[in-house]
Every structure is written in structure tokens, then in C-alpha cells.
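Values below: all heavy atoms of this structure, side chains included; hydrogens, waters and symmetry mates excluded. Convention: sequence-line order gives letters A, B, ...; per-chain numbering from 1.
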Protein chains: 2
Amino acid sequence: MPNRILLVEDDVALGQQVVQTLSQAGFDPHWVQDGDSAREIDPDSYRLIILDLMLPGTYGMDLLKRYRLRSEVPVLILSARDDTSDKIRGLKLGADDYVTKPFFPEELIARIQACLRRPNLLETQRLAVGSIQIDLERREARTKTGAISLTRVEFEILALLARRKGSAVSRDAIVDAALDRAHHGSRRTLDVHISRLRSKLGDAAAQLETVWGIGYRLTDTP
Amino acid sequence: MPNRILLVEDDVALGQQVVQTLSQAGFDPHWVQDGDSAREIDPDSYRLIILDLMLPGTYGMDLLKRYRLRSEVPVLILSARDDTSDKIRGLKLGADDYVTKPFFPEELIARIQACLRRPNLLETQRLAVGSIQIDLERREARTKTGAISLTRVEFEILALLARRKGSAVSRDAIVDAALDRAHHGSRRTLDVHISRLRSKLGDAAAQLETVWGIGYRLTDTP
DNA sequence: TGCGGACCTTAAGCGATTCTTAACGCGGTC
DNA sequence: GACCGCGTTAAGAATCGCTTAAGGTCCGCA
């Protein structure tokens, strides 16, 4: 299911509000009201999990640990109390972001989208998009078949698209970020780099989509 | 200057830590320790401003207002105290994100990069009109039956109508926004685009109504 | 200093997609 | 019923992107 989001929240008023916000934003929210029910859920059947830390039954923190053991689904912590030690603990346990009450609906949506775009705000060194993995520190990219050697420009392009996973990135933006601006002559240069990048990506090239008239997009599902 | 970041922070220990974090991440931090100095600064000479809310002299909130009056530079609020009313006020005044102490250096960098990528985290990039969902970032539209591939012009038209959901939009306005104005010739071009858009929308085409003699309207309910 | 290789850029042909125009027919409005 | 606006289709034109091939530059190395 493309837009299924699990909400674990015992506060009825807050839960209703969040469900409504999510629906309006085009997501498909599933609301569970207590920790014990949430224990039984398979985290991988959701694109993202919103987790309240103050829950009856199993505490939210335990749920987070449990989910992290078996899945890499993005988890966004939602806390009614503004407790910074909770924040640290949550993020250390692998939560991807943290929103405290009160918040604007827009803020929640924005953070969700940020999480979906780049799982784990805390791990900036590695990017994973579908079967493509990028190590920004080692400047290395790999696919299922192994490491692939990319030139500087190719790596910049791939990293940029991966950072904005799912978004259409304009040709201009890519040229700005990855190519020497000294040569602003031919507009065909980018094509060539993309072409070679695709051939090096092999099967994973299907993830690098052309957005006609705009630019390119790197998706996690081919 | 490409990576100049202004840090307004009176706490010396925290300031040093942030400056170090920013430098290591490849930014060029400028640190100002009191609000009065910060008043004199031209916000537009920085790519992003990190603002502490608890400052001697002019309070941080006043600074934020002041910056917002003359510039759209991204502002990230950094608050030592975990005060949610501050958060609300800050975001309403146009701050782009909010980080509370304590935080991981990686978290700060991640949020900065998020702000630079998309100023104003609070502006959602999705539109939903009835059963039509439009993702402006992905540049993709979906209906109940799944994603539909739209050309550039078709997408522009749909997005424009969706932004003005419910109201009639004149043919001229649509042509202005979505089509090349170079071709001033035939007024029938728009019809063709609308026609193809409808056929691609499938069932959802019922939401795209003709307003006779005026233009078109995209409604919530078919 | 000269050579070779890796890399970036440019050019050009080709194929694919998209935009526009034209033409015809329908339907609403007076 | 006449007129004007709109829907639809088909076809040509324009645009855009992919690929291959060919310089050109920079760097390391002998």
C-alpha cells in the first residue's frame, strides 16, 4: 500500500486530529489506540509509523525498539510532553524525527514528507534509494550487483537525486549542483552524464526516471 | 557567498559547539553574540540564519520579525528552553524550522540542509482535490486507480486548478500559466489539453467541470 | 618534457514525446 | 434554428532527450 501510515496514539482528540490531517494530505492512516495492539503489527506493511511515547500498556519506547529490530520503516515520534531526554532516547533508538505537541498540521505533514524523502534525519552519510546505496563519505555507490565506479560529476548527480529521493529535480538545478558553471554553453552535457550514469547503474537504471520537460527523478521503486 | 550561515547565539559554550559543527559540515559560520549586533546585519547576505530565541538586548523573536520584513532568508530557530509556545510563535512569524537543546550535531546539519533544499518546511507540497492527488515535488498525479503520467502542460493545468480548488479559472489565466505565450494564435489549444487531461483522469474527470463562457473548475465532489 | 589515461564537454543524428493547428461535430444559449 | 463555444480526433511541427563519436583538458608518471 503506497501511502499507508500507522498512527499509535491513545489520546482520542489528538488521534482524530492527526487522522484527519493525514487523510487530507492524501495519506491512508491506520489508527491504533493502545500499545498492546501495536505490538502485533507488522511494521513493514506501512510506509511510516507515527508513535506516541506516552502509551498505556507497552510504552512507546519499547515499541520503537521492537519495530527497529525487525524493520527499517521510518518512525516519527509524537510526544504530548516536551521532554528532551525522551527526544534523545528516541532518536538514539533510531527514530527518524520528533514532533512535540502542539504542532501545526502542516508541520506534521512536512516532517512526514521529509522522513519519506530521506529516512533517518540523523544519518546523513549514507543514502539508500531502492537498490542503490550511496556512501557520501567514501564517495562510493553500490547496487545489488556490487560497487560501481562513478566519476565526480556522475556521483554528484546521483547523490543530489538521492538526497531528494522521489522529487523531480530540474535540469538546471542538477547542472548547477554537479557541473562546472564555467561552461554554460551546451545543454546536452547533462544528457551525456545521465546516459553514462544509467549504463553504469545496470538494472537499477530503471529507478532513474526522466521527467519530460523538467528534469529527472530517482525513485525507490522501479 | 555560497555557504555563509549567520549564528545569533549568546551562550558561549553552545555557540562554539555550533560553529564547530557547521565548519565541519562545510559551512562558513558567522557568529554574533548579542541581539543588538544582529539588528544591524543584512539578512540577505546569508544563506541561512540560526537564531537563538533567548537573547540579551533585542529578543530573538523581534529579530525574526525584523528579518522577515526585509528578506525571505531561511531562519532556523534554536532554543535552549523547550517551550512550545515559543515554537508556535516562531513558526507563525515565518521561521522555517525549530531545533531545541539538546540536539545532535547531525540533527542540526540535517535540518539546515532540509531548509536549504526547501525553504519553509511548513509549505506542503501536496494538493488533494476529491479523488485526485497531486504531488508537486514528485511532479506526479494520482487518482484512485493509481499514478497517471501527465505531460508538462497537463500537469501545470491540473496543479493550477487544484490550487484554486472550487473556483472557476478563466481560460486566459490557464493559458497564461501553463502554455507558451509565444503561440498567440489559436485559442483552441487549451481545449485539446483539457481533453487529453480528462481522458487520463478517467473517472476523476467528472471533477473537472467546464464553466461555460469562462473557463474550467476543479471540484472536490464529482 | 612528453605520453597516456581518465574525465568532461561538445557536436550531430536519431528517435521519442509533446505541442499546436486544423477540421468536424456536438451542445448550449438566445 | 443560428450562432458561438466547446470536445474530439488526426496529423504535422516543434521540442526534448538519448546515444555515439570526437576533441580537449588536466593529471600522474616515466
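Out of dC6(D), dT20(C), dA21(D), the shortest distance to the side chain of Val192(A) is found at dA21(D). Nearest nucleotide to the side chain of Thr151(A), out of dG27(C), dC8(C), dG17(D): dC8(C).
For Leu208(A) and dG17(D), the CG to P distance is 13 Å, given to the nearest whole Å. The nearest whole Å value for the distance from the CD atom in Glu154(B) to the P atom in dG7(D) is 15 Å. For Leu179(B) and dT20(C), the CG to C1' distance is 9 Å, given to the nearest whole Å. Atom pair Leu197(B):CG and dG7(D):C1' shows a separation of 14 Å (rounding to whole Å applied). In this structure, the CH2 atom of Trp212(A) is 7 Å from the C1' atom of dA16(C), given to the nearest Å. In this entry the distance linking CZ of Arg217(B) with C1' of dC6(D) reads 16 Å, nearest Å. Regarding Asp191(A), its CG atom lies at a distance of 13 Å from the P atom of dT20(D), rounded to whole Å. One atom, CD1 of Ile214(A), and another, P of dT17(C), lie 17 Å apart when rounded to the nearest Å.
The side chain of Ser195(A) places an N or O atom within less than 4.0 Å of a non-bridging phosphate oxygen (OP1 or OP2) of dT19(D). Using a 4.0 Å cut-off, some side-chain N or O of His193(B) falls inside it from OP1 or OP2 of dT20(C). At dC16(D), none of the side-chain N or O atoms of Thr210(A) fall inside 4.0 Å of OP1 or OP2 (strictly under the cut-off). Residue Thr189(B) has a polar side-chain atom (N or O) positioned under 4.0 Å from OP1 or OP2 of dT21(C). The shortest distance between the side-chain N/O atoms of Arg198(A) and the OP1/OP2 oxygens of dC18(D) is below 4.0 Å. Contact between the side-chain N/O atoms of Tyr216(B) and the OP1/OP2 oxygens of dG7(D) is found at a separation under 4.0 Å. Side-chain N/O atoms of Arg171(A) include none lying less than 4.0 angstrom from OP1 or OP2 on dC16(D).
With a 6.0 Å radius and a threshold of 12 heavy atoms from other residues, nucleotides or ligands, Arg138(A) has its CZ atom at or below the threshold.
Screening Val169(B), Leu150(B), Thr151(B), Leu197(B) against Ile157(B) for a side chain to side chain contact (heavy atoms under 4.5 Å, CB included) leaves a single residue, Leu197(B).
Of the N and O atoms on the side chains of Arg198(B) and Thr210(B), at least one donor lies less than 3.5 Å from an acceptor on the other residue.
A salt bridge links Arg171(B) with Asp191(B): the distance from a Lys NZ or Arg NE/NH1/NH2 to an Asp or Glu carboxylate oxygen falls below 4.0 Å. The pair Arg111(A)-Glu107(A) counts as a salt bridge, with a side-chain nitrogen and a carboxylate oxygen less than 4.0 angstrom apart.
Positionally, the nearest nucleotide of DNA chain C for Arg152(A) lies more toward the 5' end than for the other of Arg152(A) and Arg152(B).
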